Asks: 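I am attaching a structure below and will ask some questions about it afterwards.
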Amino acid sequence: YHTTPLLLSAMSGSVETLDFLLSSGADWKEKDSRGNNVVQLAALYFHVDVLRCFIRMNLEGLNVWKILVEMLQSEEHRRLEMAVRCLEALCANADSSWKDIMEAGGVAALVEILCSSRTTLQCMAAAVVCHMTENVAVCEELMQYGAVPVLIELLRGQQPELHSRCAVILADMAGHSSQYQIHIANLGGVAPVVRLLNSELQDVLLNAVRCVRALCVGCPSNQTTVAVSGGVPQLVEFLTVSSEALQEEACLALAELARGNRENQELICGAGAVSPLVQVLRARKMSAQVKAASAIEAIAYQNPGVQEQFLRKFAAKHLLRLFKVFQQQAREQGATALWALAGHTLKQQKHMAKLMGYHFILNMLLSTSDKMQYVGCQAVIALCRDSYNHQKGFCKENGVPPLVRLLRGSRTTERTLLSVIRAFRTLCIGVAHTNNAKSQRVIYAEEAIPTLLELLKHHESLQVQVAQTLACIMLGNQELQKVFWEREDFSYDVIVELLQAQDRNIRLEAGHALALFAYNNRSQQLAIRRKGGVLIQTYEDFLDSTDETEKAKAAFQIVVLAEVITDSDKVSLTARGITILGELLQLEKPSTVVITAQFLASLAHTRAGVPDAIVAMGAIGHLTGHLHSDEEEVRTACASALGYLTFNRHAHRLLLVECRNTPHTFKLLMDHLPEDAKICRRFTSEFKRQRTVGLPSLSLEQNGGPPVRQRFSKGTVIRNDLPRTGHNAGGRNCASRRRSTLHRPAIRSGFERTRSSPTLHRCSPRSKTAMPRVRYAEEPFPSSQPSLKTTGLSTTTYLP
């Protein structure tokens, strides 16, 4: 065979002998009688260590990778098989081997083997490709040489080993590019991958689940295809298997399958995924908990029905456990999943923030993780919104300094920075634009104002939000306003310029910032007017908009800024704004009703005449009607507006009539009135007094009918809403008096139309048998409201 000692050492696999001979000057270019060199002989006898030795030596003219790739193109089966085997073994332990194989032209040769009909060689070639496809360049060459249809065809075969390896290759390719995801789907590759989920081999199942996940990442069409192909039930079933690895991969696959896809969210929950996911969340293994939390976040995101299902299974309680672990990734995932369950309703978000508590919220704000900082800020906003107690409690727990630190931080992302700015705003104002002086003082003392002013000047994308926050910090606090205008360098010019911006939303929000500065503040209204004021033309587009939210905001602004708008009179502006809000209140869209009722609540305690205008537009009837809404936010907003309107004489009277006619309205009002909202005590005490005496509506009028008539022994008919007095109430004289009273209903009904909040005073009766005379005297209302004298009504009325 014309062999040499060096060739013999390559054939025997003796690395020590090989080293000795090469160091002694042996010629590594020698070949045997069949033309095999040392590399080829080592490969034919599968001496991988010898091949590694030659790779390490990097001898000139002896490129191991090139020689092995050339052997892949051989017609001799043994040479081809041994070359593939050696490449598989070498790739397993060499991270850079993919580049050498690709440069040697190995990708095309491997694809050609995959196209062959020899299963053993296909399996080995697929194994080599599996080690290479983590690199984008290799995937590009596979696409170039048409490997995808070949791999999909192999998935349809009967060889489990090929199934597993082809799934790995397709998963790697899909993970590198959305174009590859679509290409695989267009060639019909999704359904064969889903069919692999029926396999009985765990290795095949794991790789198939990973491939499903990779195909679904950010690809709605593939998410739908997987669901249509029946992949959801199998993935949900894997949550209950004994294999932790398969459970974890199923969690990740379900997360990507549901992310941003409402139909798949419902489908996954319908398949019974809620309980198994919570069960995985309760497992001891931290990695499984994190992956289950990821699935819960994706499945519950913006889906109230699914959120409710998870909350019923106490998922929030188990997610809170992730806050206590050391690994930051686990804490991040726990925070984002928990906030996904918080949904978008204020009640649910507030409930979730309460579960977190001040301690966890502060830990999130102090974290270096942007995700946790963001969730912490959102929790502060939810917890403190319209809640004086939580605003006070958060400040007491020293929650403001971490927010100020984030405001000043150079690494704070814009999303988190915006949340911080909104959190400051939420800490300062409550229901109906009432201010919290304590929170305002704490924020000012922590020197957040200079940083906010810097952002106002230099951060264009945040200018409007910063302006609104500055206005809220000053709102209703005369002491801070005085210090602010004396010390800080601030001008309305920036906000006035934003009113001319191209972006509609920026113009509208800039107007809202001005409205906040001017709200119940005559001096600031004059200051804005001195800067040139605002033209009504600025609001015309919004007042005529088809977007109801824009319309409501613009209407609120022109009422508040009536003194600032220079080209229209105050009365016309107020009337126009209140009219628009009154029209919007008649709509059924919950979000529109909520924002309209909130604006009406704020306007109800501004200048004189505004509450009367609100009442004149029929707001009382519409607001009481919305108290029966299915949406809790609607009921709460309307109850708040009604509470503030009860301080108005006319509104007081109309609402009292509504509550008398339907007593359940009063219960709805009081049940949904926010904790910090106000309601006139005269109103509540008068309703309770009338309820104690006996409301007319407690008879048939509950259903809209007339009062019930009762018959006594002597045939006398009386109304049940008239009180019986005197010890001879059942006698003839008393009955006669009651009969005469029935013929004079006009006096009482006239009183109901004109009296609002009467206080009961009893005069001494003339005799025991005479009807007592009852005098109703009204207590004075605030001077800002019309008095009885101005309406021509007497302050006392006597009823026989």
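Numbering starts at 1 and runs along the sequence shown. Because the structure is a prediction, the values reported are computed rather than measured.
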Asks: Hydrogens and angles aside, do Gln265 and Arg259 bring a side-chain donor and acceptor to less than 3.5 Å of each other?
Replies: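 No, no side-chain donor-acceptor pair sits under 3.5 Å.
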
Asks: Does His390 form a side chain to side chain contact (heavy atoms under 4.5 Å, CB included) with Thr426? I'd like the steps, not just the answer.
Replies: CA-CA 11 Å; His390 285 301; Thr426 308; over 6 Å; no

Asks: Are the side chains of Gln289 and Arg321 in contact, using a 4.5 Å heavy-atom criterion?
Replies: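 Arg321 vs Gln289: side chains touch.
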
Asks: Are side-chain heavy atoms of Met364 and Arg331 found at a separation under 4.5 Å?
Replies: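 Answer no - side chains too far apart.
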
Asks: Under 3.5 Å, is there a donor-acceptor pair between the side chain of Gln525 and the main chain of Ala518?
Replies: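 Between the backbone of Ala518 and the side chain of Gln525 there is a qualifying donor-acceptor contact (under 3.5 Å).
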
Asks: Applying side chain to side chain donor-acceptor pair (under 3.5 Å), run through Glu509 and Gln465 and close with a yes or a no.
Replies: CA-CA 8 Å; Glu509 295 301 322; Gln465 298 297 329; 4.7 Å; no

Asks: Check whether any side-chain heavy atom of Val534 lies under 4.5 Å from a side-chain heavy atom of Val496, and answer yes or no.
Replies: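 Of all side-chain heavy-atom pairs linking Val496 with Val534, none is under 4.5 Å.
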
Asks: Would you please classify the geometry between the Tyr492 ring and the Phe517 ring as parallel, tilted or perpendicular, with 30° and 60° separating the classes?
Replies: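 Judged by the thresholds at 30° and 60°, the geometry between Phe517 and Tyr492 is perpendicular.
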
Asks: Could you walk me through whether Asp386 and Asp676 satisfy the side chain to side chain contact (heavy atoms under 4.5 Å, CB included) test, starting with their C-alpha distance in whole Å, then the side-chain angles of each, then the deciding distance to 0.1 Å, before giving a yes or no?
Replies: CA-CA 7 Å; Asp386 297 342; Asp676 296 331; 5.8 Å; no

Asks: I'd like to know whether the aromatic ring centres of His512 and Tyr519 sit less than 6.0 Å apart in this structure.
Replies: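 His512 vs Tyr519: aromatic centres not under 6.0 Å.
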
Asks: For Gln463 and His459, which I'm curious about, is there any donor-acceptor pair between the side chains at under 3.5 Å?
Replies: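 The criterion, which ignores hydrogens and geometry beyond distance, is not satisfied for His459 and Gln463.
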
Asks: With sequence neighbours left out, write down each residue that passes side chain to side chain donor-acceptor pair (under 3.5 Å) with Glu332, or none if nothing qualifies.
Replies: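 With sequence neighbours excluded, Glu332 shows a side chain to side chain donor-acceptor pair (under 3.5 Å) to Ser369, given in chain and number order.
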
Asks: Hey, does Leu362 have a side-chain heavy atom less than 4.5 Å from the side chain of Phe394?
Replies: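 Touching, per the 4.5 Å side-chain cut-off.
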
Asks: Checking side chain to side chain contact (heavy atoms under 4.5 Å, CB included) for the pair Asn363/Phe323: CA distance, chi angles, key distance, verdict?
Replies: CA-CA 9 Å; Asn363 283 345; Phe323 281 67; over 6 Å; no

Asks: Looking at side-chain heavy atoms only, is the closest gap between Phe666 and Leu655 below 4.5 Å?
Replies: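 No; the side chains remain at least 4.5 Å from each other.
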
Asks: Does the side chain of Val610 reach to within under 4.5 Å of the side chain of Ile578, using non-hydrogen atoms?
Replies: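 Touching, per the 4.5 Å side-chain cut-off.
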
Asks: Check whether NZ of the Lys or CZ of the Arg Arg415 lies under 6.0 Å from the centre of the six-membered ring of Tyr374 and within 45 degrees of that ring's axis.
Replies: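 Yes - Arg415 lies over the ring of Tyr374, closer than 6.0 Å to its centre and within 45° of its axis.
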
Asks: Between Glu308 and Arg312, does any NZ, NE, NH1 or NH2 come within less than 4.0 Å of an OD or OE carboxylate oxygen?
Replies: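 Result for this pair is yes, salt bridge flagged.
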
Asks: Going by atom types only, do Thr413 and Thr416 share a side-chain donor-acceptor pair under 3.5 Å?
Replies: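 Judged by distance alone, the side chains do pair up.
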
Asks: Do Arg422 and Leu418 have side chains that get closer than 4.5 Å, going by heavy atoms?
Replies: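 They are in contact (side-chain heavy atoms under 4.5 Å apart), so the answer is yes.
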
Asks: Side chains of residues 292-300: which donor-acceptor pairs under 3.5 Å do they make with residues two or more places apart or in other chains?
Replies:
residue, atom, partner, partner atom, Å
Glu297, OE1, Gln333, NE2, 2.8
Glu297, OE1, Thr336, OG1, 3.4

Asks: For Gln481 and Asn521, test the side chains for any donor-to-acceptor distance below 3.5 angstrom and give the result as yes or no.
Replies: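 Yes, because at least one side-chain N or O of Gln481 sits under 3.5 Å from a partner of the opposite role on Asn521.
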
Asks: Are the side chains of Met474 and Phe490 in contact, using a 4.5 Å heavy-atom criterion?
Replies: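 SC-SC contact between Phe490 and Met474 ruled out.
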
Asks: Check each of Glu633, Lys553, Lys551 against Ile595 using the side-chain contact (heavy atoms from CB on, under 4.5 Å) test, and report the only one that passes.
Replies: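 Among Glu633, Lys553, Lys551, the one that satisfies the side-chain contact (heavy atoms from CB on, under 4.5 Å) with Ile595 is Lys553.
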
Asks: Report the C-alpha separation of Ile381 and Gln349 in whole Å, then their side-chain angles, then the decisive distance to 0.1 Å, and conclude whether the side chain to side chain contact (heavy atoms under 4.5 Å, CB included) test is met.
Replies: CA-CA 9 Å; Ile381 294 171; Gln349 289 181 347; over 6 Å; no

Asks: Please check if the number of heavy atoms outside Lys350 that lie under 6.0 Å from its NZ is greater than 12.
Replies: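 Yes - once you tally the heavy atoms of other residues, nucleotides and ligands closer than 6.0 Å, there are more than 12.
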
Asks: How far apart are the C-alpha atoms of Phe556 and His433, what are their side-chain angles, what is the distance that settles it, and do they pass the ring pair (Phe, Tyr, Trp, His ring centres under 6.0 Å) test?
Replies: CA-CA 12 Å; Phe556 172 76; His433 289 84; 5.6 Å; yes

Asks: Which atoms form the tightest heavy-atom contact between Ile565 and Arg529, and what is the distance?
Replies: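 Distance-wise, the nearest heavy atoms are O-NH1, 3.8 Å.
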
